[in-house]
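A short worksheet on the structure shown next.
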Protein chains: 2
Amino acid sequence: MAATIKDIAKQTGLGLATISSYLNGGNVREKNRVKIEAAIEELHFEVNEVARGLKTNKTKIIGIIIPELNNIFCAEIITEVEDLLRSHGYATMICDCRTDERREEEAVEFLLHRRVDGLIIMPSGRSGKYLEKFTKAGKPVVLIDRKLKDIDCDSVLVDNEGAAEDAVNRLLKAGHTRIGMIAGPKDIYTAQERYSGYCKALEQAGIRPDAKLAAWGNYTIEGGADAMKELVRENPDMTAVFVSNYEMTMGAIIQINELGIRIPEELSFIGFDNVEFAKASIPKLSIVTQPTKEIARNVSELMLGRLEEAEEAERKEYETVRLTTSFVEGRSVL
Amino acid sequence: MAATIKDIAKQTGLGLATISSYLNGGNVREKNRVKIEAAIEELHFEVNEVARGLKTNKTKIIGIIIPELNNIFCAEIITEVEDLLRSHGYATMICDCRTDERREEEAVEFLLHRRVDGLIIMPSGRSGKYLEKFTKAGKPVVLIDRKLKDIDCDSVLVDNEGAAEDAVNRLLKAGHTRIGMIAGPKDIYTAQERYSGYCKALEQAGIRPDAKLAAWGNYTIEGGADAMKELVRENPDMTAVFVSNYEMTMGAIIQINELGIRIPEELSFIGFDNVEFAKASIPKLSIVTQPTKEIARNVSELMLGRLEEAEEAERKEYETVRLTTSFVEGRSVL
DNA sequence: CTGAAAGCGCTAACAA
DNA sequence: TTGTTAGCGCTTTCAG
């Protein structure tokens with residue numbers, strides 16, 4: 001069995017409090033410090049964070065709920081968040097919910113039982129009702145990428161509408177008028193925002209958005225491919241397309257190859273995220289990219305901040321950070 | 001403050017043991033069951049897994065240490081493992097170590113303090129010395145994708161050598177003799193295996209492996225691009241290339257586009273992993289793919305099995321599962 | 001089947 | 001500074 005502070009106390013002849021104090025950076029007489037360190041070394045003592053957690057009512061664990069770890073956008077953010085939190089002593093417990101709201105609710109329950117100190121979530125639904133238990137317990141919740149009704153908390157978003165608007169404007173400027181869009185699931189916040197950016201750009205150019213030109217994918221590769229196929233079938237006059245996430249961008253490209261359509265001669269193309277993929281394509285794709293590192297940094301800082309402030313008395317107003325996207329020029333627009 | 005079983009006991013007038021028994025699926029008189037459930041509902045009771053963990057000395061948490069969550073091969077496996085373990089009541093604590101051995105050792109320590117019940121690891125180094133603390137504590141360790149010296153435990157691998165050999169044989173059969181390879185880091189197990197498969201195939205065909213034709217990348221996109229550049233520069237007579245992981249495959253393709261080399265006319269190409277990317281490329285890439293789901297399933301089952309068996313007396317011999325890869329035919333070999 | 005009591009390893013008053 | 005003591009919320013004997 002592993003050694004406990006009791007063993008250390010016995011070995012050194014000191015009291016429990018002294019050992020505990022040493023462990024928590026308190027002041028200990030030099031002579032005793034040496035003794036304690038020797039005992040720790042000798043008995044291979046390792047603090048038991050579980051016991052500590054029970055006592056302090058803080059587990060130093062942050063729960064993370066995401067729709068899909070396989071989604072590169074998620075993965076990039078999570079790696080970074082995990083790194084930042086761990087460097088502050090926090091472990092993360094990640095739950096991949098496969099874009100399933102029911103599973104998300106289960107995950108919330110799961111993490112609640114495990115008494116995580118805070119929750120970072122990229123939610124699939126529209127309402128944050130099921131997060132109440134967290135906020136009521138005084139535990140911080142930080143939303144990534146999507147906004148939720150029925151809940152007060154911090155969130156970090158990107159300017160989805162602006163990003164889509166900008167992309168479509170570029171296509172308009174290149175002279176296109178029949179511009180298709182592969183949008184995300186209708187019930188997802190970001191997808192709606194991006195779609196509305198698309199519409200806004202068209203309207204500003206005096207073009208009425210045509211329902212036939214919008215295909216609703218499901219943020220997956222397959223969904224992107226299907227949507228692309230539909231778009232091409234329904235719109236022989238379409239000369240450009242804007243795809244609104246990475247997985248669907250890849251799917252669309254696969255489909256375009258399948259159909260033998262040439263980019264940009266026959267179809268101008270603007271995709272989303274993953275600069276590397278854009279560079280690996282022929283021709284290089286023009287894409288909208290999101291600042292994943294910056295998102296991660298903001299999320300972590302917000303979380304860490306709330307965690308600290310829980311110690312203190314007052315809390316600051318909830319923040320909504322909105323970051324801007326970038327555009328990476330390729331050769332897919334003509 | 002959250003309700004505890006004490007509160008439930010008080011509310012129902014029952015003893016602590018009864019509540020605990022109910023919570024753990026024991027037999028409780030029907031009448032009391034109803035009472036308990038009502039109290040739980042009313043007081044919003046949620047079991048505290050931390051306290052439970054302290055008492056039972058089991059946290060129901062599995063630590064996972066990987067080199068890079070951003071690496072799609074890792075991400076695919078981890079998603080699946082996480083899913084399987086969670087469905088058995090286990091949470092996962094993931095540590096991304098950025099292919100850094102020092103960070104891996106820190107992660108081991110980190111997870112040890114948190115008293116995880118088992119460890120799943122895709123190690124960067126060659127020795128498993130630093131995992132001793134785990135095995136000594138009687139906690140199961142399962143290795144993914146790489147084998148380690150100085151440690152006895154289960155592992156799940158793929159037949160790397162065979163996969164590389166097969167790929168190179170295909171190039172040989174197509175008539176190539178000057179075949180390049182972009183290998184992974186020399187100190188990584190899988191990289192060595194794949195390189196040795198490459199050599200084996202050549203030797204069997206009576207060709208002496210030429211050091212100039214082997215470029216050692218670092219399993220990243222950038223590394224793949226650099227290696228490709230070097231290979232082309234040093235070997236004007238090279239007519240085919242085999243790339244040994246996904247990230248480097250993408251990097252190589254980016255570089256090939258950059259250099260304006262045409263596949264397969266000027267260069268035949270076989271890549272690794274990620275069928276989707278292979279399909280999205282022009283022409284479609286021929287690739288070796290690894291069975292990530294199957295790896296995940298094996299890893300989870302091995303871990304779950306060990307966890308159970310810890311309850312019982314004896315333990316089975318350590319297993320090494322070796323899975324086979326597949327080959328997906330594209331149009332990149334001529 | 002149920003109640004009482006002990007204790008998992010740690011922290012945090014409080015005294016000394 | 002250091003020692004003593006009392007729990008954190010749960011499981012688990014052991015009686016009843």
Side-chain angles (χ1 to χ4, degrees), chain A residues 1-37 39-40 43-61 89 91 112-117 137-139 310-311, chain B residues 1-37 39-40 43-61 89 112-117 137-139 311:
Chain A
M1 222 36 258
T4 72
I5 58 168
K6 247 185 200 160
D7 300 319
I8 303 292
K10 209 175 295 170
Q11 175 93 357
T12 56
L14 297 168
L16 287 179
T18 315
I19 316 297
S20 175
S21 164
Y22 165 83
L23 255 22
N24 293 290
N27 279 331
V28 178
R29 202 171 295 167
E30 179 62 13
K31 205 169 53 176
N32 290 331
R33 195 179 59 73
V34 176
K35 261 205 272 186
I36 294 175
E37 280 167 3
I40 287 181
L43 303 177
H44 303 294
F45 169 79
E46 312 262 356
V47 237
N48 185 329
E49 294 287 350
V50 179
R52 191 178 264 179
L54 177 59
K55 181 64 197 185
T56 59
N57 203 20
K58 292 205 168 14
T59 52
K60 292 276 212 169
I61 300 176
L112 206 59
H113 288 177
R114 297 206 126 82
R115 296 295 193 271
V116 296
D117 291 343
K139 298 189 172 180
E311 316 283 273
Chain B
M1 222 34 259
T4 73
I5 58 169
K6 247 183 199 160
D7 300 320
I8 304 293
K10 210 175 295 169
Q11 176 94 357
T12 56
L14 297 168
L16 288 180
T18 314
I19 317 296
S20 176
S21 165
Y22 166 84
L23 252 25
N24 293 290
N27 278 330
V28 178
R29 202 172 295 167
E30 179 62 15
K31 208 170 52 180
N32 290 331
R33 196 179 59 73
V34 177
K35 261 205 273 187
I36 294 175
E37 280 167 3
I40 287 181
L43 303 177
H44 304 293
F45 170 79
E46 314 260 355
V47 236
N48 184 330
E49 295 287 349
V50 178
R52 192 178 263 180
L54 177 61
K55 182 65 197 179
T56 60
N57 203 22
K58 294 209 166 8
T59 51
K60 291 276 210 171
I61 302 177
L112 205 59
H113 289 177
R114 296 208 131 78
R115 296 296 193 269
V116 296
D117 292 342
K139 297 188 172 180
E311 317 284 273

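Convention: sequence-line order gives letters A, B, ...; per-chain numbering from 1.
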Original post:
Where the side chain of B:Ile5 is defined as all heavy atoms beyond and including C-beta, which of D:dT11, C:dT2, C:dG9 is the nearest nucleotide?
Top reply: D:dT11
**OP:** Quickly work out the B:Glu49 CD to D:dC10 P distance and round it to whole Å.
**Re:** 10 Å
**OP:** Look at the side-chain N and O atoms of B:Lys31 and state whether any lies under 4.0 Å from the OP1 or OP2 oxygen of C:dC1.
**Re:** no
Original post:
Base, sugar-phosphate, or nothing: which does A:Val28 touch, judged by heavy atoms less than 4.0 Å apart?
Top reply: sugar-phosphate
Subject >> Along DNA chain C (nearest heavy atom to each residue), the more 5'-positioned of B:Lys55 and B:Glu30 >> reply: B:Glu30
Original post:
DNA chain C: B:Leu54 or B:Ser21, which has the more 5' nearest nucleotide?
Top reply: B:Ser21
Original post:
Taking only N and O in the side chain of B:Asn32, is any of them less than 4.0 Å away from OP1 or OP2 of C:dC1?
Top reply: no
**OP:** For B:Thr4, report the nucleic acid contact type (base, sugar-phosphate, nothing); a contact means any heavy atom under 4.0 Å.
**Re:** sugar-phosphate
Please enumerate all protein N or O atoms sitting under 3.5 Å from an N or O of nucleotides 3-5 of chain C, with distances to 0.1 Å.
residue : atom : partner : partner atom : Å
C:dG3   : OP2  : B:Gly15 : N            : 2.4
C:dG3   : OP2  : B:Thr18 : OG1          : 2.8

Original post:
Would you say A:Lys6 reaches C:dC8's phosphate, i.e. side-chain N/O to OP1/OP2 under 4.0 Å?
Top reply: yes
**OP:** Would you indicate what B:Phe45 reaches in the nucleic acid, counting non-hydrogen atoms under 4.0 angstrom: base, sugar-phosphate, or nothing?
**Re:** sugar-phosphate
Subject >> Residue that, paired with A:Tyr22, satisfies side-chain contact (heavy atoms from CB on, under 4.5 Å) out of A:Asn27, A:Ile40, A:Leu14 >> reply: A:Ile40
**OP:** For the pair A:Arg114 (side chain) and B:Thr59 (backbone), establish whether a donor and an acceptor sit closer than 3.5 Å, ignoring hydrogens and angles.
**Re:** yes
Original post:
Would you say the side-chain atoms of B:His113 and A:Glu46 include a donor-acceptor pair closer than 3.5 Å?
Top reply: yes
**OP:** May I ask you to decide if A:Gly89's main-chain N or O and A:Lys60's side chain share a donor-acceptor pair within less than 3.5 Å?
**Re:** no
Subject >> C:dC10 OP1/OP2 closer than 4.0 Å to side-chain N/O of A:Asn48 >> reply: no
Subject >> Length of the NZ-P vector between B:Lys10 and C:dT2, whole Å >> reply: 20 Å
Original post:
Are A:Arg29 and D:dT2 close enough that a side-chain N or O sits under 4.0 Å from OP1 or OP2?
Top reply: yes
Subject >> Nucleotide nearest A:Val47 (side chain, heavy atoms from C-beta), chosen from D:dT2, C:dC10, C:dC8 >> reply: C:dC10
**OP:** Report yes or no: does B:Thr12 contribute a side-chain atom to a donor-acceptor pair with the main-chain N or O of B:Ile8 at less than 3.5 Å?
**Re:** yes
Original post:
Are the side chain of B:Thr56 and the backbone of B:Arg52 linked by a donor-acceptor contact shorter than 3.5 Å?
Top reply: yes
Original post:
If you measure from CZ on A:Arg29 to CD1 on A:Ile36, what distance do you get to the nearest 0.5 Å?
Top reply: 11.5 Å
Original post:
Atom NZ of B:Lys58 to atom P of D:dT11: distance rounded to whole Å?
Top reply: 14 Å
Original post:
Can you tell me how far P of D:dC10 sits from CD of B:Glu46, to the nearest Å?
Top reply: 11 Å
